[in-house]
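Residue numbers start from 1 in every chain, and the chains themselves are labelled A, B, ... in the order their sequence lines are given, proteins ahead of strands. Remember, predicted model here, so these are calculated numbers, not experimental data.
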2 protein chains.
Amino acid sequence: MENENTYSGVKEIARRAKVSIATVDRVLHNRTGVSEKTKKRINEIIKELNYQPNILASRLASKKVISIGVLIPAVSEETDFWEAPLRGIRRAESEIRQYGIQVHTFLFDLNNKRSFQEQSDLLLKTGVSGVLIAPSFIEEASTFAQECKRLKIPVICIDSNLPDTETLSYIGPHLSQSGYVGARLLTYRLQPDRKILFINISPEKESYNYIRIEEGFRSYFKDHNQLNDIVRIDLRDTDFLSVSKALLEAFQTHSEIGAIFVTNSRVFTIAKYLQEKGLTDIGLVGYDFIKENVVFLQNGTIDFLICHKPEDQGYRGVMSLYQNLVLGTSVEKAYFMPIDIVTKENEAFYQN
Amino acid sequence: MENENTYSGVKEIARRAKVSIATVDRVLHNRTGVSEKTKKRINEIIKELNYQPNILASRLASKKVISIGVLIPAVSEETDFWEAPLRGIRRAESEIRQYGIQVHTFLFDLNNKRSFQEQSDLLLKTGVSGVLIAPSFIEEASTFAQECKRLKIPVICIDSNLPDTETLSYIGPHLSQSGYVGARLLTYRLQPDRKILFINISPEKESYNYIRIEEGFRSYFKDHNQLNDIVRIDLRDTDFLSVSKALLEAFQTHSEIGAIFVTNSRVFTIAKYLQEKGLTDIGLVGYDFIKENVVFLQNGTIDFLICHKPEDQGYRGVMSLYQNLVLGTSVEKAYFMPIDIVTKENEAFYQN
DNA sequence: CTGAAAGCGCTTACAG
DNA sequence: CTGAAAGCGCTTACAG
């Protein structure tokens with residue numbers, strides 16, 4: 001009387017294949033040192049049993065710690081936007097730490113390309129198994145991603161993507177559709193004869209991202225035969241004084257401005273200007289649920305904030321790497337975040 | 001030469017307290033059979049080391065399977081709304097199954113209070129450690145929750161709450177604020193001289209939920225001194241014919257209807273009517289991102305859908321129970337879901 | 001009231 | 001190319 005089926009997992013596989021569990025383990029992890037014959041036999045049994053490894057046991061027994069490198073901008077005095085992804089990253093970290101995953105975070109200065117280089121070098125020296133990156137400096141980030149590829153380290157991008165560079169996944173907004181939604185929101189208060197200011201406040205020149213937003217924005221008006229003039233303004237200097245000056249000029253040049261769209265989180269600068277000048281009748285839509293913006297959302301200066309769940313992006317980024325690295329799960333090439341609409345009325349329960 | 005600090009976890013605690021790990025385990029889980037003196041000593045060491053148990057090891061060693069009971073409405077031919085929470089529940093289930101958690105789902109018929117009784121009885125017989133419930137039938141659910149309390153089984157409510165009944169947590173919308181947002185959205189297309197139809201289509205009489213939504217809805221108009229007439233219509237029969245008849249009547253009685261608000265996912269019935277009659281100039285706002293509604297959102301008949309992430313509610317509900325039961329984490333008394341605004345433009349990336 | 005020992009399902013040297 | 005054995009950090013009978 002044989003005892004059958006009393007085993008499960010690797011033990012059962014070993015029993016059926018008449019080998020030791022060490023050999024089963026070798027096959028399970030594609031390690032060398034197993035004859036083709038036994039390998040085949042074991043693989044058949046694995047398939048037959050539809051074997052799913054017990055991750056608990058696996059992580060517990062394995063002393064190996066897997067480390068994930070994160071490379072994102074530091075919070076600056078200008079904006080606390082990057083607080084949110086970091087929060088998500090920390091949350092993910094605390095959930096997977098118990099499984100032996102370490103997260104090493106490297107923060108670079110958004111106004112300093114060198115710091116990006118430095119931090120990315122440091123990251124690589126840490127010897128991580130996977131990388132999460134916000135590729136703010138496209139060229140530099142591209143070079144870095146290529147280096148990772150060479151080292152066979154998977155890379156996931158959040159917030160914006162790396163065109164023409166192969167990465168494991170992109171987690172962030174669908175920019176042109178986001179611009180399209182922005183245009184839609186802007187029209188709620190817009191008279192047909194009014195002009196629109198499309199403002200891009202950023203020290204970066206000609207960013208790929210803003211161009212995609214603008215495409216979507218303009219296509220909304222085209223699709224709906226709305227012929228409002230769209231005046232585009234580019235501002236390299238992000239401080240309030242520079243912005244004020246530019247706005248003053250714009251309002252002098254263009255008399256019939258009915259609404260303003262800002263392509264990023266710096267919309268609060270514009271809101272501040274409008275409030276100071278008492279320009280309450282102008283629609284204003286911009287990006288991101290940051291403290292500075294929410295104040296103006298609450299007092300009605302900003303009509304809508306569009307938001308792409310930055311915290312969630314950080315969380316998902318880390319978790320996707322974890323799943324890919326530890327569980328071997330495949331990851332979607334592109335995960336587009338929802339295009340959230342935040343107003344005065346629903347902001348209290350908004351989840352970043 | 002003693003080897004120090006070579007141990008960690010329970011072993012280290014045991015070493016320092018000069019007891020066996022079995023005794024440490026007893027203290028860790030508040031089991032009986034430990035003298036006050038050693039108990040105190042061990043607890044001090046636990047605090048000193050800031051000991052965090054390894055859940056991996058704990059769940060692996062423990063043969064105990066923890067089971068969670070779920071009691072929600074079945075998907076009916078009328079609406080597939082409850083598909084979403086179920087999806088979230090299944091997702092949570094698949095994530096925690098590997099830790100030895102079982103989820104038993106019991107579905108009741110929304111048109112049949114008896115089926116609720118039957119399913120809740122069945123659930124209790126299964127001997128679950130925690131319960132997730134959608135308390136559609138308030139009285140019956142209340143009785144059930146009280147029974148759970150007696151049995152010391154924690155209960156979490158999703159979608160709607162159980163007033164006056166003590167539960168571990170509520171995960172769902174802040175209803176009055178949601179109504180407030182709905183009113184806001186309705187006014188984008190509303191002329192000051194037009195009337196509003198506030199429609200409640202539900203076989204249930206005078207539901208607590210709809211009253212909260214109406215409160216919020218009306219307070220928006222009060223807050224903004226908008227004096228539009230709000231005509232409330234209650235429909236017990238949910239089929240298209242009954243609804244059509246009621247609408248026909250309403251439009252005959254009230255000539256100046258400018259917008260319609262529907263308090264739940266049955267807004268598609270109204271949309272169908274408006275479309276058939278060619279009433280394109282009437283604003284329409286309702287609830288829930290279900291297939292039937294999205295069609296009308298896409299073709300412009302419905303202006304906005306408000307949504308409270310039903311899938312996420314199911315997911316969070318199960319995960320909260322898991323955290324409470326397995327990890328002993330405390331759970332927030334009320335977790336209000338975001339009040340999402342879904343339009344034609346952003347629906348493609350909406351996450352339920 | 002307390003402890004020694006087996007075991008959860010894996011991984012990892014080590015030996016052959 | 002393969003296996004025996006120890007061990008990951010806990011829990012659980014069982015014995016005293």
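- A 4.5 Å side-chain heavy-atom check between Phe108(B) and Leu71(B) finds at least one atom pair inside the cut-off.
- The local environment of CD in Glu166(B) is sparse, with at most 12 non-hydrogen atoms from other residues, nucleotides or ligands closer than 6.0 Å.
- For Thr38(A), no side-chain nitrogen or oxygen approaches OP1 or OP2 of dC1(D) to under 4.0 Å.
- Contact between the side-chain N/O atoms of Ser35(B) and the OP1/OP2 oxygens of dC1(C) is not found at any separation under 4.0 Å.
- Of the N and O atoms on the side chains of Gln313(A) and Tyr335(A), not one donor lies less than 3.5 Å from an acceptor on the other residue.
- When rounded to the nearest whole Å, the span between CD1 of Ile13(A) and C1' of dG3(D) equals 17 Å.
- Helical stems of DNA chain C (runs of at least 3 Watson-Crick or G-U pairs, donor-acceptor distances under 3.5 Å) are listed by first residue: C:1-3 with D:14-16, C:5-12 with D:5-12, C:14-16 with D:1-3.
- Between Phe336(A) and Tyr170(A), the two ring planes are perpendicular [angle over 60°; tilted spans 30° to 60°].
- Where Lys18(B) and Ile21(A) meet DNA chain C, the nucleotide closest to each residue was compared, and Lys18(B) sits on the side nearer the 5' end.
- For the pair Glu93(B) and Arg90(B), the salt-bridge criterion is met [side-chain N within less than 4.0 Å of a carboxylate O].
- dT2(C) atom P lies 8 Å from atom CD1 of Ile42(B), rounded to whole Å.
- A side-chain N or O of Glu95(A) and one of Tyr315(A) form a donor-acceptor pair less than 3.5 Å apart.
- Across the protein-nucleic acid pair, Lys64(B) atom NZ and dC10(D) atom P stand 16 Å apart, rounded to whole Å.
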Pairs: protein N or O with nucleotides 7-9 of chain C N or O, under 3.5 Å:
residue: dC8(C); atom: O2; partner: Ala61(B); partner atom: N; Å: 3.2
residue: dG9(C); atom: N2; partner: Ala57(A); partner atom: O; Å: 3.3

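- Here the C1' atom of nucleotide dT12(D) and the CZ atom of Arg59(B) are 14 Å apart, to the nearest Å.
- Donor-acceptor pairing under 3.5 Å is lacking for the side chains of Ser320(B) and Ser169(B).
- Put simply, the side chain of Lys333(B) reaches to within 4.5 Å of the side chain of Thr167(B), judged on heavy atoms.
- Heavy-atom distances to DNA chain D give each of Leu28(B) and Thr32(A) a nearest nucleotide, and the one nearer the 5′ end belongs to Thr32(A).
- A salt bridge is absent between Glu36(B) and Lys40(B): the closest approach of a Lys/Arg side-chain nitrogen to an acidic carboxylate oxygen does not fall below 4.0 angstrom.
- Contact annotation for Arg26(B): base contact, defined as any heavy-atom pair under 4.0 Å involving a base atom.
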